[in-house]
Amino acid sequence: MRFLLTNDDGIDAPGLSALAEELAKLGEVLVVAPEREMSGSGHAFTKRFPLRLRRVYKDGQPFGYATSGTPADSVKLGLFLVEREVDWVVSGINNGPNLGIDLFYSGTVSGALEGAIDGFPAIAFSLAIQAGSGQRPDQSRARFVEAAAIARTLLEGLIERGPALARARVCLNVNIPDLPRERIVGVKLTAQGLQRYDDHFLRGEDPFGEPYYWLTGAIVDEDHREDSDLAASKEGWITLTPLRIDLTDHELLKEMRQWGLRLR
Ligand code: MN
């Protein structure tokens, strides 16, 4: 079993090394990750510039490769480097939740989606604090080590489903609550939530007298549907959501064919 592992928090993130260590118990791990934090980079990739690749060592041992690109770049380049000799594409563990509408912005989820786009079984892991609390999870390695052990257990149960997932062109999105293991309720199969944000910008002035705008804002419309990943995560569940790379609304498409749209 060979894993291609990436993230969006960067090659030095504690969530990445914790997950690499656990995956190594299941097989060979190729780490290719952005050299710096790329959270919120979504599915961006690099087109107009060459990518750089740097070998990275941790504790004197070869750890993986740092790229100058995004998570999607890292997966593309990793697959190229090993001539697609990969069984699973794995992304994470992200420092913070990736739930609901946030999936559109998440570099972590896009790392896994890229794997699915390229035809591989793929899964993203995030360490979820209470959604909307505005806090960042504990940066300490301990929480990620605990979450990585959970991630490995989950993955063990999913590995034989890999080929079916790849054929269905989906990736899996997992959020593990930032709680001690005994307080985690269990694993819940969920649907992507649809919260809305009230975007707000803090206006300020930089040291050169130029104005800047810094995005803040809050959730104004939470998704309380019982099967939403947001609601389940809040209740202390590990959420597991299958995500399609096919964005088409097939039901509406069928209906729209009856609308008689044409050029005048
Ligand atoms: Mn991140």
Side-chain angles (χ1 to χ4, degrees), residues 3-23 29 31-46 56 58 63-78 89-116 122-148 150-151 171-179 192-193 195 197 199 214-217 219 229-230 233 238-241 243:
F3 300 96
L4 171 57
L5 175 63
T6 193
N7 77 345
D8 77 352
D9 294 333
I11 192 84
D12 295 321
L16 182 72
S17 47
L19 190 51
E21 250 168 61
E22 287 294 329
L23 291 180
V29 187
V31 178
V32 184
E35 61 191 356
R36 58 198 164 79
E37 187 178 344
M38 285 276 175
S39 293
S41 62
H43 213 105
F45 75 112
T46 305
V56 175
K58 281 190 185 175
F63 175 69
Y65 295 87
T67 72
S68 54
T70 64
D73 285 330
S74 301
V75 170
K76 285 178 186 293
L77 188 53
V89 173
V90 183
S91 187
I93 297 170
N94 187 59
N95 180 19
N98 278 305
L99 300 160
I101 286 301
D102 294 355
L103 306 192
F104 281 94
Y105 307 100
S106 168
T108 305
V109 172
S110 280
L113 280 171
E114 181 59 41
I123 189 164
F125 293 103
S126 301
L127 186 60
I129 53 160
Q130 291 265 307
S133 74
Q135 291 170 328
R136 302 272 285 176
D138 187 356
Q139 281 276 13
S140 74
R141 207 180 132 69
R143 272 288 161 75
F144 287 105
V145 168
E146 220 171 290
I150 293 172
C171 84
L172 301 177
N173 184 40
V174 175
N175 281 265
I176 300 166
D178 187 25
L179 294 171
Q192 180 194 357
Q195 82 279 37
Y197 287 97
D199 286 339
W214 202 323
L215 180 63
T216 63
I219 294 174
D229 55 0
L230 291 153
S233 181
I238 296 168
T239 64
L240 173 55
T241 309
L243 304 176

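Atoms within a ligand are numbered from 1 in the order they appear, just like the ligands themselves.
Among the backbone and side-chain atoms of Asp8, an N/O/S atom is found under 2.8 Å from the Mn ion (ligand 1). Within the coordination shell of the Mn ion (ligand 1), defined by N, O or S atoms under 2.8 Å, Asn94 is present. Taking 2.8 Å as the criterion, Asn95 does not count as a coordinating residue of the Mn ion (ligand 1), since none of its N, O or S atoms falls below it.
Taking the side chain as every heavy atom from C-beta outward, Leu23 and Val90 approach each other to under 4.5 Å. Taking 4.5 Å as the limit, some side-chain heavy atom of Asp9 sits within range of a side-chain heavy atom of Asn94. When side chains are defined from C-beta on, Ser91 does not count as touching Leu113, because their heavy atoms never get closer than 4.5 Å. At a threshold of 4.5 Å between non-hydrogen side-chain atoms, the residues Ile238 and Pro177 count as touching.
Taking the Mn ion (ligand 1) as the apex, the angle formed with OD1 of Asp9 and OG of Ser39 is 80°, to the nearest 10 degrees.
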